[in-house]
Amino acid sequence: KNQVEQSPQSLIILEGKNCTLQCNYTVSPFSNLRWYKQDTGRGPVSLTIMTFSENTKSNGRYTATLDADTKQSSLHITASQLSDSASYICVVSAAQAGTALIFGKGTTLSVSS
Amino acid sequence: DAGVIQSPRHEVTEMGQEVTLRCKPISGHNSLFWYRQTMMRGLELLIYFNNNVPIDDSGMPEDRFSAKMPNASFSTLKIQPSEPRDSAVYFCASSIRLASDTQYFGPGTRLTVL
């Protein structure tokens with residue numbers, strides 16, 4: 001069964017600290033993996049998209065890694081800011097006709113001063 | 001560009017009533033997606049279109065839900081009759097192409113069915 005599991009479910013960190021969010025998936029055949037940031041009351045915003053051949057992709061202070069062998073991805077946030085407080089959603093696309101998207105439940109990050 | 005536009009932003013209705021949600025994708029985008037988000041189930045893909053044609057509606061919960069895309073700049077998601085369990089935030093998103101492109105989400109419609 002295609003599944004995407006994210007951990008931790010929630011996380012609280014101090015401003016300026018780094019953190020890493022995890023995403024494990026069992027989607028097969030794999031097409032790509034996306035990380036979204038969703039602020040409260042808003043739609044998700046894409047941070048990164050990675051295909052099978054990509055190991056790392058950065059977007060400012062956000063760095064996503066992908067290990068296709070172990071079917072794991074991580075999102076590392078460097079020097080966190082209050083504006084990083086949001087839900088981070090991992091989405092895996094299955095390689096089939098059309099675009100089957102399997103969503104994780106998200107990690108809620110709270111950055112405090 | 002104004003981004004993906006959804007209306008209404010909030011909708012409160014009574015059980016049994018028909019609800020129509022509207023979406024205008026980003027100009028030039030060929031793919032459109034409808035999502036539903038709840039606390040319990042997270043984000044779920046309901047249906048998506050490519051070049052105005054529905055590609056996969058397997059995520060549509062039941063026959064009470066229907067979606068149309070009469071042209072490249074407009075789509076609707078209709079619920080008839082609505083039920084309390086339909087209460088959720090409904091997002092519309094668009095992308096240039098179907099497969100690996102970035103999807104741009106609208107602000108969502110918060111639906112409450114009493």
Side-chain angles (χ1 to χ4, degrees), chain A residues 1-10 21 23 25 27 29-54 57 59-60 62 64 66 68 86-108, chain B residues 2-7 9-10 21 23-26 29-51 53-60 77 88-112:
Chain A
K1 180 182 178 182
N2 287 333
Q3 285 186 318
V4 175
E5 300 286 343
Q6 291 188 245
S7 62
Q9 186 174 358
S10 62
L21 313 181
C23 174
Y25 61 92
V27 177
F30 174 87
S31 175
N32 60 68
L33 185 146
R34 310 160 191 241
W35 282 96
Y36 285 94
K37 178 188 179 189
Q38 186 176 20
D39 293 319
T40 301
R42 293 179 174 267
V45 173
S46 179
L47 294 176
T48 62
I49 301 177
M50 288 186 293
T51 58
F52 183 88
S53 59
E54 296 175 293
K57 185 164 280 191
N59 180 354
Y62 300 99
L66 174 65
S87 179
Y88 292 84
I89 303 171
C90 175
V91 184
V92 181
S93 178
Q96 59 187 60
T99 176
L101 299 174
I102 298 90
F103 293 83
K105 290 281 180 18
T107 292
T108 300
Chain B
V4 175
I5 299 173
Q6 292 187 246
S7 65
R9 294 294 311 278
H10 302 273
L21 311 181
C23 174
K24 176 179 169 56
I26 294 172
H29 283 195
N30 296 314
S31 299
L32 183 140
F33 306 79
W34 280 102
Y35 294 89
R36 177 173 68 176
Q37 187 175 40
T38 62
M39 289 291 291
M40 289 294 294
R41 300 172 68 91
L43 200 59
E44 302 173 280
L45 177 64
L46 300 177
I47 183 172
Y48 59 89
F49 296 82
N50 192 44
N51 294 324
V53 176
I55 302 299
D56 186 352
D57 65 354
S58 59
M60 297 285 260
L77 177 68
V89 180
Y90 290 81
F91 289 103
C92 175
S94 69
S95 65
I96 294 175
R97 293 169 301 185
L98 190 59
S100 59
D101 282 350
T102 298
Q103 294 183 18
Y104 295 86
F105 282 74
T109 294
R110 181 174 294 279
L111 172 65
T112 302

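What you are looking at is a predicted structure, and each value in this text was computed from that prediction instead of being measured. By convention in this document, chain letters (A, B, ...) are assigned in the order of the sequence lines, proteins followed by strands, and residues within each chain are numbered from 1.
Interatomic distance, A:Lys105 NZ to B:Met40 CE, rounded to the nearest 0.5 Å: 8.0 Å.
Contact check for A:Gln38 versus B:Leu43: no side-chain heavy atoms found under the 4.5 Å cut-off. Between B:Arg41 and A:Phe103, every side-chain heavy-atom pair lies at or beyond the 4.5 Å cut-off.
Most heavy-atom pairs under 4.5 Å with chain B, from the set A:Gly104, A:Gly41, A:Pro44: that is A:Pro44. Highest contact tally toward chain B, considering only A:Ser46, A:Ser87, A:Gly43, is held by A:Gly43 [criterion: heavy-atom pairs under 4.5 Å].
Shown here is B:Tyr90, whose OH atom has more than 12 heavy atoms of other residues, nucleotides or ligands within 6.0 Å.
With a 4.5 Å cut-off on non-hydrogen atoms, B:Gln6 does not touch chain A at all. Contact of A:Ile102 with chain B is not made at all, since no heavy-atom distance falls under 4.5 Å.
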>> For a side chain to side chain contact (heavy atoms under 4.5 Å, CB included) check, start with the C-alpha distance between B:Gln37 and A:Ile89, then their side-chain angles and the critical distance, and finish with the verdict.
In response: CA-CA 12 Å; B:Gln37 187 175 40; A:Ile89 303 171; 4.2 Å; yes

>> Please determine whether side chain to side chain contact (heavy atoms under 4.5 Å, CB included) holds for the pair A:Leu101 and B:Tyr35, giving the CA-CA distance in whole Å, both sets of side-chain angles, and the decisive distance to 0.1 Å.
In response: CA-CA 11 Å; A:Leu101 299 174; B:Tyr35 294 89; 3.3 Å; yes

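Across all non-hydrogen atoms, the minimal contact from A:Tyr36 to B:Gln103 is OH-CB, 3.6 Å.
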